[in-house]
Amino acid sequence: MKKLGILLSGRGSNFEAIAESVRVGRIEAEIALVISNRPNAKGLETARKLGLKAECIPSAGLEREEYDRLTAARMKQEGVDLVCLAGFMRLLSAWFVEQYPQRILNIHPSLLPSFPGLEAQRQAIEHGVRYSGCTVHFVDEKLDAGPILTQAVVEVFDDDTEATLAARILEHEHRIYTEAIQIALSGRYRIEGRRVVRLS
Ligand code: GRF
């Protein structure tokens with residue numbers, strides 16, 4: 001059975017969706033470890049309630065790579081095959097990325113490459129786009145930048161606020177993260193430049 005490692009910082013709804021997909025067999029893997037860099041992350045509490053191995057490794061005051069060495073060591077001890085960032089509010093160091101080449105996924109609430117970084121839904125509304133959405137991509141050392149696995153499109157309505165748009169996008173996030181994890185675990189793809197080409 002393949003092993004997933006989750007990194008999160010907050011609410012953890014994407015993590016919960018992944019855990020539910022694992023429970024019902026939509027994802028054929030187990031969640032080996034959940035790590036939060038913030039002690040009070042709701043996702044950590046949820047993970048514990050689900051009986052998963054859940055740990056806080058606080059990041060405050062640590063250099064980026066220093067922190068990443070701590071989390072990578074735990075991931076390796078647990079035999080993690082695929083690392084899933086689920087609202088993890090830190091950029092990974094190049095060192096961490098090298099430990100898991102093409103085996104780290106992230107979800108972002110916009111149609112990348114539009115609106116990387118923080119408050120993507122607010123950026124979308126302020127820019128006036130008619131459509132936004134969400135993206136699951138492989139992680140490299142740049143912010144919200146690696147090859148794209150899956151995307152979903154969400155229409156932006158005139159009366160949308162950041163909160164209403166975020167809520168609609170989130171429903172799609174929960175669905176496409178599972179799809180992306182299945183693709184990544186299946187190994188049935190090839191990366192050509194920036195393109196993830198699916199193999200049948
Ligand atoms: C999501 O919008 C995700 O796309 C972004 O951070 C948010 C995390 O939400 N990377 P949650 O913690 O999964 O509920």
Side-chain angles (χ1 to χ4, degrees), residues 4-23 26-27 31 33-50 52 54-59 64 68 71 82-92 96-97 100 104-127 129 131-156 160-181 183-184:
L4 305 180
I6 311 280
L7 283 169
L8 53 77
S9 301
R11 180 177 59 182
S13 73
N14 277 287
F15 150 65
E16 272 185 71
I18 294 167
E20 177 62 10
S21 290
V22 166
R23 190 183 70 81
R26 267 194 304 266
I27 292 176
I31 298 176
L33 180 62
V34 178
I35 294 177
S36 168
N37 65 319
R38 294 185 184 156
N40 52 358
K42 180 166 170 273
L44 205 53
E45 193 185 313
T46 310
R48 292 196 176 118
K49 282 194 188 131
L50 291 172
L52 297 169
E55 298 169 9
C56 176
I57 304 183
S59 56
R64 192 175 305 288
D68 286 359
T71 54
L82 183 69
V83 177
C84 301
L85 308 188
F88 185 58
M89 303 303 284
R90 286 178 64 87
L91 196 58
L92 294 180
F96 190 105
V97 174
Y100 287 95
I104 310 168
L105 303 183
N106 181 44
I107 185 144
H108 184 76
S110 75
L111 291 174
L112 290 172
S114 290
F115 316 129
L118 294 175
E119 300 183 334
Q121 303 93 335
R122 181 203 294 264
Q123 292 185 55
I125 287 180
E126 283 177 358
H127 196 90
V129 292
Y131 294 90
S132 189
C134 47
T135 303
V136 181
H137 62 93
F138 285 108
V139 171
D140 60 22
E141 68 288 351
K142 291 182 242 79
L143 180 67
D144 300 327
I148 291 169
L149 270 152
T150 56
Q151 291 187 303
V153 176
V154 173
E155 189 169 357
V156 181
D160 261 328
T161 63
E162 185 182 355
T164 59
L165 179 61
R168 276 205 319 289
I169 291 176
L170 194 63
E171 289 175 28
H172 292 268
E173 293 186 37
H174 295 165
R175 178 176 54 79
I176 70 167
Y177 213 164
T178 287
E179 289 170 12
I181 290 170
I183 297 166

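Treat the numbers as computed from the prediction; the structure is a model and nothing was measured. Computed over heavy atoms, backbone and side chain alike; hydrogens, waters and symmetry mates excluded. Indexing begins at 1, ligand by ligand and atom by atom, following the structure's order.
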> Which heavy atom in Q123 sits nearest to a heavy atom in P116, and how many Å separate them?
Replying inline: NE2-O, 2.9 Å
>> Between Q151 and L112 (side chain of the first, backbone of the second, donor and acceptor by atom type, cut-off under 3.5 Å), is there such a pair?
In response: yes
> Of all residues at least two apart in sequence or in a different chain, which pass the side-chain contact (heavy atoms from CB on, under 4.5 Å) check with A17?
Replying inline: H174
>> Which residue in the set T71, N37, D68 passes side-chain hydrogen bond (donor to acceptor under 3.5 Å, both in side chains) when paired with S59?
In response: N37
Table of N or O contacts for ligand 1, cutoff 3.5 Å:
| residue | atom | partner | partner atom | Å |
| --- | --- | --- | --- | --- |
| ligand 1 | 2 (O) | E173 | OE1 | 3.3 |
| ligand 1 | 2 (O) | E173 | OE2 | 3.1 |
| ligand 1 | 4 (O) | I107 | O | 3.4 |
| ligand 1 | 4 (O) | E173 | OE1 | 2.7 |
| ligand 1 | 4 (O) | E173 | OE2 | 3.4 |
| ligand 1 | 9 (O) | R11 | NH2 | 3.1 |
| ligand 1 | 10 (N) | I107 | O | 2.9 |
| ligand 1 | 12 (O) | G12 | N | 2.7 |
| ligand 1 | 13 (O) | S13 | N | 3.3 |
| ligand 1 | 13 (O) | N14 | N | 2.8 |
| ligand 1 | 13 (O) | N14 | ND2 | 3.0 |
| ligand 1 | 14 (O) | R11 | NE | 2.6 |
| ligand 1 | 14 (O) | R11 | NH2 | 3.1 |
| ligand 1 | 14 (O) | S13 | N | 2.8 |
| ligand 1 | 14 (O) | S13 | OG | 2.5 |

Only pairs under 3.5 Å count here: list side-chain donor-acceptor contacts from residues 39-47, not counting sequence neighbours, and write none if there are none.
| residue | atom | partner | partner atom | Å |
| --- | --- | --- | --- | --- |
| E45 | OE2 | K49 | NZ | 3.3 |
| T46 | OG1 | K42 | O | 3.0 |

>> F96: which residues meet the ring-ring contact (aromatic ring centres under 6.0 Å, His included) condition with it, sequence neighbours left out?
In response: Y100
